[in-house]
Peer 1: 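Provided herewith is a single structure, encoded as C-alpha cells, for subsequent inquiry.
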Protein chains: 2
Amino acid sequence: MGHGLGEIALALGATIGDHTTHTKGKFGVLLEHALGAAGGSGAVHDFPELGVELKTIPVDTRGKPAESTYVCTLHLLSAEALVWETSWVKQKLSRVLFVSVDAEPADWRERLVRGVHYWEPDAEAWATLRADFEEAVGLVTTGRIEALNARLGQVLQVRPKAKDGKKTLLVPDAEGTLIATVPRGFYLRPAFTTEILQRYR
Amino acid sequence: MGHGLGEIALALGATIGDHTTHTKGKFGVLLEHALGAAGGSGAVHDFPELGVELKTIPVDTRGKPAESTYVCTLHLLSAEALVWETSWVKQKLSRVLFVSVDAEPADWRERLVRGVHYWEPDAEAWATLRADFEEAVGLVTTGRIEALNARLGQVLQVRPKAKDGKKTLLVPDAEGTLIATVPRGFYLRPAFTTEILQRYR
DNA sequence: CAGGATCCAATTGTGGATCCGG
DNA sequence: CCGGATCCACAATTGGATCCTG
C-alpha cells in the first residue's frame, strides 16, 4: 500500500518498458507475481488454497474506478459453465481481493497502490449477480445470442472480447442453424465496483 | 389523460402556432388554463385554496423525464426566502400535481397527456431537499455565491436563469464588496422526478 | 486462446444559456 | 422581471473493439 509500481517492478526484476499506453494487463500480472499468486492461464483462482481471486483495479484520484472489471470468458460449449451454481462467474466472485492502483500519472512507475479490499458478496449482491447471469445465459441457451449486449445486467454485463470483433465462434440460433458470433466475457460495471471499494475497506 | 395537446388547445380556443421548437413554457400555461389554475405571476400556488402546485413534465416513451424541473427563483434580497421554513421552495414542494406529457412527437398537437401524479414529499425527501437548500443558501449568505453551481445538491440544484447569462444582480462577496452576478433558480434533478413519477402513480 | 485488462468513438447526461407571455 | 419551462454544447459514461503475455 502506497508502494509505487516502479518500485515493485524493480524489486521483482520485472521489465515493462516506458510506454504510457499499451500496458493494458501488465500491472495485473505484475501484482500477481508480487503477491505470490499462482498465475498461469488454466488456474481457476489466483490463490488456489484460499479460493481467492486477485483483481487489480485502476482508480482516479478520488479512489473511483473509471472502467469495468473483467471477470471471465463466457464459455458457450460447456453445460456446467452455463449453470449458475457451477459457473466460473460464481466461483471467481466468491472471494475477491481487489487491489486498487492509480490510473494516473502517465509515467506508470509513479503510480501507487491505493488500497486493498477483501470482498465476499452479501445476499443482495449474490441475488443481483445471479439474476444478471441467468438473464444473459438464458439468451444464449435459447438461441438468441445476438440479442445479448452490454446494456443487459444491473451489475454484471457481457461484452465482446475478440481482436477486430471477429466472429470466430459457431453457435445455434433460435432455429438451430449455426451462426458465427464473437467471443464474449463477463464484466462488473464501474458503479458496482465503486460501491465495493467504498464499503469493504 | 390520453388527451392530445392539440385537442386541449382547440377546446380552450388557445393558439400556439405550428413551431415544433420555441414552445418552451407554453404547454405549462395551457394546462394551467385547462385545469382551472389561478395563473398570474405573483401567486404562490396554482390552486391557492388547496396549496397545490401544478407542474407539467415532459417524458420520453418510457415515461421518464429528460430534463430537470424548475421550482422557483432564488431570491437573494428577502431574508425570509433564505430560511428553509419560510422559503418558496418548501411552500411550493409541499403538495405538487405532476402532469406528465409526451416530449415527442415534433408535431406538438399529437403529444398526449401521459399521467397525473400527486406528490407530497416523505420524511426522507424533505430531509434531502432541506439539506440541498441549506447548502446552497449557506454559500449565498456567507458571500460565496460564485462557488454556487449546478453540481451542488443531490436532488435540488441551483442554476442560472437569465438571458445571455447577464449579471444583472448585485450581491456582497465574502469581503462585503458588491459584485455583479447572474439571477438563478432552483431545479429538481431528473433522477429525482423520475423516482417520483414511478412511486406516486 | 484464455487471462490480464484498457482504449476510444459514440451515446447519454447535464450545466449554463435561452425563449415566450403577461 | 417573473413564472412557464426547453435548448444545446460540452462533459461524463460506456458499449464494443483492442492489446499483450504465457
Side-chain angles (χ1 to χ4, degrees), chain A residues 16-17 19-33 37 39-44 46 53-58 65-73 75 88 92 101 103 149-153 157-166 168-169 182-185 187 189-191, chain B residues 15-17 19-33 37 39-44 46 53-58 65-73 75 88 92 101 103 149-152 157-166 168-169 182-185 187 189-191:
Chain A
I16 293 197
H19 311 293
T20 165
T21 180
H22 304 309
T23 51
K24 296 206 173 182
K26 288 180 184 173
F27 301 136
V29 176
L30 175 64
L31 285 170
E32 283 183 353
H33 292 160
S41 280
V44 173
D46 296 308
E53 183 67 18
L54 176 64
K55 287 289 168 203
T56 304
I57 189 163
E67 299 274 0
S68 56
T69 300
Y70 173 66
V71 180
C72 63
T73 300
H75 287 276
W88 229 351
K92 284 210 166 186
V101 171
N149 64 54
R151 286 171 179 84
L152 270 69
Q157 63 180 171
V158 171
R159 306 234 299 280
K161 192 168 198 300
K163 184 165 180 176
D164 304 321
K166 276 189 181 127
T168 57
L169 230 45
V182 66
R184 298 152 204 257
Y187 294 79
R189 292 187 182 274
Chain B
T15 64
I16 293 197
H19 311 293
T20 165
T21 181
H22 302 309
T23 51
K24 297 206 173 180
K26 288 180 184 174
F27 302 136
V29 176
L30 176 64
L31 285 171
E32 284 183 354
H33 292 159
S41 280
V44 175
D46 296 308
E53 183 69 17
L54 176 64
K55 287 288 167 204
T56 304
I57 189 163
E67 299 274 359
S68 56
T69 300
Y70 172 65
V71 180
C72 62
T73 300
H75 288 277
W88 277 19
K92 285 209 166 186
V101 171
N149 65 56
R151 286 169 181 84
L152 270 68
Q157 63 180 172
V158 171
R159 306 234 299 280
K161 191 168 198 299
K163 185 165 181 177
D164 302 321
K166 277 192 180 125
T168 58
L169 229 46
V182 66
R184 295 152 204 258
Y187 294 78
R189 292 188 183 275

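So you know, we letter chains A, B, ... as the sequences are listed, proteins then strands, and number each from 1. Values below: all heavy atoms of this structure, side chains included; hydrogens, waters and symmetry mates excluded.
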Peer 1: Grab the CD1-P distance between B:Ile57 and D:dA5 for me, whole Å please.
Peer 2: 9 Å
Peer 1: Classify the nucleic acid contact of B:Ala162 as base, sugar-phosphate or nothing, counting any heavy atom under 4.0 Å across all strands shown.
Peer 2: base
Peer 1: For B:Tyr70 and C:dC20, give me the distance from atom OH to atom P, rounded to whole Å.
Peer 2: 17 Å
Peer 1: Nearest to the B:Thr168 side chain among D:dA5, D:dC2, D:dC1, which nucleotide is it?
Peer 2: D:dC1
Peer 1: Starting the side chain at C-beta, find the nucleotide from D:dG3, C:dG4, C:dG16 nearest to B:Thr73.
Peer 2: D:dG3
Peer 1: Rounded to the Å, how far apart are B:Leu30 CG and C:dG22 P?
Peer 2: 12 Å
Peer 1: What integer distance in Å separates B:Lys163:NZ from D:dC1:P?
Peer 2: 12 Å
Peer 1: Assess whether one donor atom and one acceptor atom, taken from the side chain of A:Lys161 and the base of C:dG4, lie less than 3.5 Å apart.
Peer 2: yes
Peer 1: What orientation do B:Trp88 and B:His75 show, parallel under 30°, tilted 30 to 60°, or perpendicular over 60°?
Peer 2: perpendicular
Peer 1: Any N/O pairs under 3.5 Å between the protein and nucleotides 9-14 of chain D? List them or say none.
Peer 2:
none

Peer 1: Within the 4.5 Å heavy-atom criterion, are B:Ile57 and B:Thr69 side-chain neighbours or not?
Peer 2: yes
Peer 1: Contact class for B:Lys92 (heavy atom, under 4.0 Å): base, sugar-phosphate, or nothing?
Peer 2: sugar-phosphate
Peer 1: Taking CD from B:Glu32 and P from D:dG4, how many angstroms apart are they, rounded to a whole number?
Peer 2: 6 Å
Peer 1: Counting side-chain heavy atoms from CB outward, which of D:dA5, C:dA5, D:dG3 is closest to B:Thr56?
Peer 2: D:dA5
Peer 1: Per the atom types in the model, does the base of D:dA5 pair as donor or acceptor with the side chain of B:Tyr187 at under 3.5 Å?
Peer 2: yes
Peer 1: Donor-acceptor check, side chain of A:Tyr187 to backbone of A:Pro190, threshold 3.5 angstrom: yes or no?
Peer 2: no
